[in-house]
Amino acid sequence: MRLPHNVTSTIVIVLIAIAAQGAGDKRQVGQDRPVPSATMQAGVLHLEKFGSGEPALVFIPGLASGTWVWDAAIRQFSATNTIYAVTLPGFDGTTPTSAPVLDKVDASLAQLIESEHLVRPVLVGHSIGGFIAIRFAEEHPEKLRGIVTVDGLPVLPPLSQMTADERAAAARRTSAGLRTATPEQFAKQQQAVIPTMVTDPAQASHIASLTSRSNPAATADYVEEMMDADLRPSLAKDSVPTLVLAPVPSKPSPGYPPFMQNMTPQELSATLMQFYQGLLVGAPHASVAPIANSLHFAMIDQSQAVNDAIATFLKSVK
């Protein structure tokens, strides 16, 4: 199955917009937040710690997002597990780091595991956070018990059928547009795009204001490195149990191919599951599960469904 893509559109490529209706936790994102028991730094990563218990869970947000994206999960799992919520450098008002950013994030995750004496934690990532989790699992499978990704895959779906040279060219074009954006331009972009990724318009507007706190040039660094990469050739090295949660809208987006436009919800779910599974061919311990009536920010649209899927996965990897 080929999904549509527009390599000249920065936001569409980067954020993988999907449009639909859905329902989730109506608590406003970023309000009434869980209070960490400690904050710390591991390499380039800023971390908030919550709760206690094994296995430890390391939550990684998506592009331009902060730990607030995981608040519902933190509330639930801090009662039984030690939580480390990550803020990537340059996101949510933190200080950027220089490229290559993904290598530094990888090294910093390894430093966290060592310094906190974590025994095979579980990484949980959204979007680029899921990509980072898959990347880390390929390089350090012995350090992890499992990974869960929410709409995070080994290659950016709109670029999945491109050659390496085509991906590199698209990455340069897209990141250039972000790198030169002023904070005001970046904020305007977020207000235009986030509503296509969250089912509740009020939540979407608020999330866009939160993502606007991130540094545009730092965002460009992550975008360029992720778009240029394809982790699929090394999936066979990943022996870590992996669950990919795929948001499934209640109706097709106008940007979907014509053959998908009249699909029933069941047909749409089956088609999207087939596509996601196709991107994970070669991963011996990966599975895909749908999150119905949700968009890219599925942990906000359907927070309990996502938490239930994580909880079931944790029981399977003990």
Side-chain angles (χ1 to χ4, degrees), residues 51 53-62 70 72-74 76-86 102 105-106 108-110 112-114 116-155 157 160 226 229-248 269 272-292 294 298-299 302-318:
E54 297 292 337
L57 309 179
V58 181
F59 285 91
I60 310 170
W70 292 114
I74 292 169
Q76 176 167 328
F77 291 103
S78 60
T80 53
N81 300 82
T82 305
I83 305 289
Y84 294 88
V86 171
L102 294 181
V105 169
D106 185 285
S108 299
L109 286 171
L112 167 66
I113 292 171
E114 181 177 356
E116 290 293 294
H117 309 290
L118 305 185
V119 180
R120 296 174 62 237
V122 174
L123 301 186
V124 185
H126 172 232
S127 192
I128 193 173
F131 177 88
I132 287 168
I134 294 170
R135 187 178 190 268
F136 190 87
E138 286 186 350
E139 297 299 322
H140 313 282
E142 74 287 351
K143 296 183 183 294
L144 299 177
R145 187 175 313 217
I147 64 173
V148 179
T149 83
V150 179
D151 215 12
L153 292 155
V155 64
S160 62
M226 179 179 68
D230 185 351
L231 304 178
R232 289 175 293 178
S234 296
L235 284 175
K237 299 185 339 186
D238 183 0
S239 59
V240 179
T242 298
L243 173 64
V244 176
L245 300 178
V248 178
S269 180
L272 290 174
M273 291 307 97
Q274 182 182 18
F275 177 71
Y276 276 59
Q277 289 162 356
L279 296 181
L280 293 162
V281 168
H285 303 287
S287 61
V288 181
I291 301 295
S294 69
M299 77 292 291
Q302 299 291 346
S303 58
Q304 195 55 57
V306 170
N307 287 354
D308 289 347
I310 295 172
T312 299
F313 178 78
L314 291 178
K315 292 176 182 177
S316 74
V317 296
K318 284 188 175 180

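Of all non-hydrogen atoms in F131 and P154, the two that sit nearest each other are CE1-O, 3.5 Å. Taking every heavy atom of both residues into account, L245 and A309 meet most closely at CD2-CB, 3.8 Å. Residues A229 and V155 come closest through the heavy atom pair O-CG2, 3.9 Å. Heavy atoms only, all atoms of each residue included: L153 and I134 are closest at C-CD1, 3.8 Å. Residues A137 and I147 come closest through the heavy atom pair CB-CD1, 4.2 Å. Here the closest non-hydrogen pair linking F313 and P241 is CZ-O, 3.4 Å.
To the nearest 0.5 Å, the span separating CD on Q302 from CD1 on I291 amounts to 8.0 Å. Once rounded to the nearest 0.5 Å, the distance linking CG of L231 with CG of L235 reads 7.0 Å.
Here the side chain of T82 pairs a donor or acceptor atom with the backbone of G53 at under 3.5 angstrom. The backbone N or O of Q76 sits nowhere less than 3.5 Å from a side-chain atom of S78 that would complete a donor-acceptor pair. Under a 3.5 Å cut-off, the side chain of R145 and the backbone N or O of V119 do form a donor-acceptor pair. Although no hydrogens or angles enter the test, the distance criterion places no donor-acceptor pair under 3.5 Å between the side chain of W70 and the main chain of A85.
Within the 4.5 Å cutoff, no side-chain heavy atoms of P121 are placed close to those of L57. Counting heavy atoms from C-beta on, the side chains of L123 and V148 never come closer than 4.5 Å. A 4.5 Å side-chain heavy-atom check between I60 and H126 finds every atom pair outside the cut-off. M273 places a side-chain heavy atom less than 4.5 Å from the side chain of P290. For the pair K237 and E139, the minimum side-chain heavy-atom distance is below 4.5 Å. Contact check for S294 versus V248: no side-chain heavy atoms found under the 4.5 Å cut-off.
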Kindly indicate, with the supporting measurements, whether the criterion side-chain contact (heavy atoms from CB on, under 4.5 Å) is fulfilled by D106 and H140. CA-CA 9 Å; D106 185 285; H140 313 282; 2.8 Å; yes
How far apart are the C-alpha atoms of K143 and E114, what are their side-chain angles, what is the distance that settles it, and do they pass the side-chain contact (heavy atoms from CB on, under 4.5 Å) test? CA-CA 10 Å; K143 296 183 183 294; E114 181 177 356; over 6 Å; no
Apply the test side-chain contact (heavy atoms from CB on, under 4.5 Å) to residues D151 and S127: give CA-CA distance (whole Å), side-chain angles for both, the deciding distance (0.1 Å), then the verdict. CA-CA 5 Å; D151 215 12; S127 192; 5.7 Å; no
Would V150 and M299 count as a side-chain contact (heavy atoms from CB on, under 4.5 Å) here? Give the steps. CA-CA 8 Å; V150 179; M299 77 292 291; 3.8 Å; yes
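Residues forming a side-chain hydrogen bond (donor to acceptor under 3.5 Å, both in side chains) with E138 (at least two apart in sequence, or on another chain): none. Checked against side-chain hydrogen bond (donor to acceptor under 3.5 Å, both in side chains), N81 has no partners two or more places apart in sequence or in another chain. Every side-chain hydrogen bond (donor to acceptor under 3.5 Å, both in side chains) that R232 has, sequence neighbours left out, goes to D230.
Applying side chain to side chain contact (heavy atoms under 4.5 Å, CB included) to L144 and the options V58, V122, L118, I113 leaves one that passes, I113.
Between F77 and F59, the angle of the ring planes lies from 30° to 60°, which puts this pair in the tilted group.
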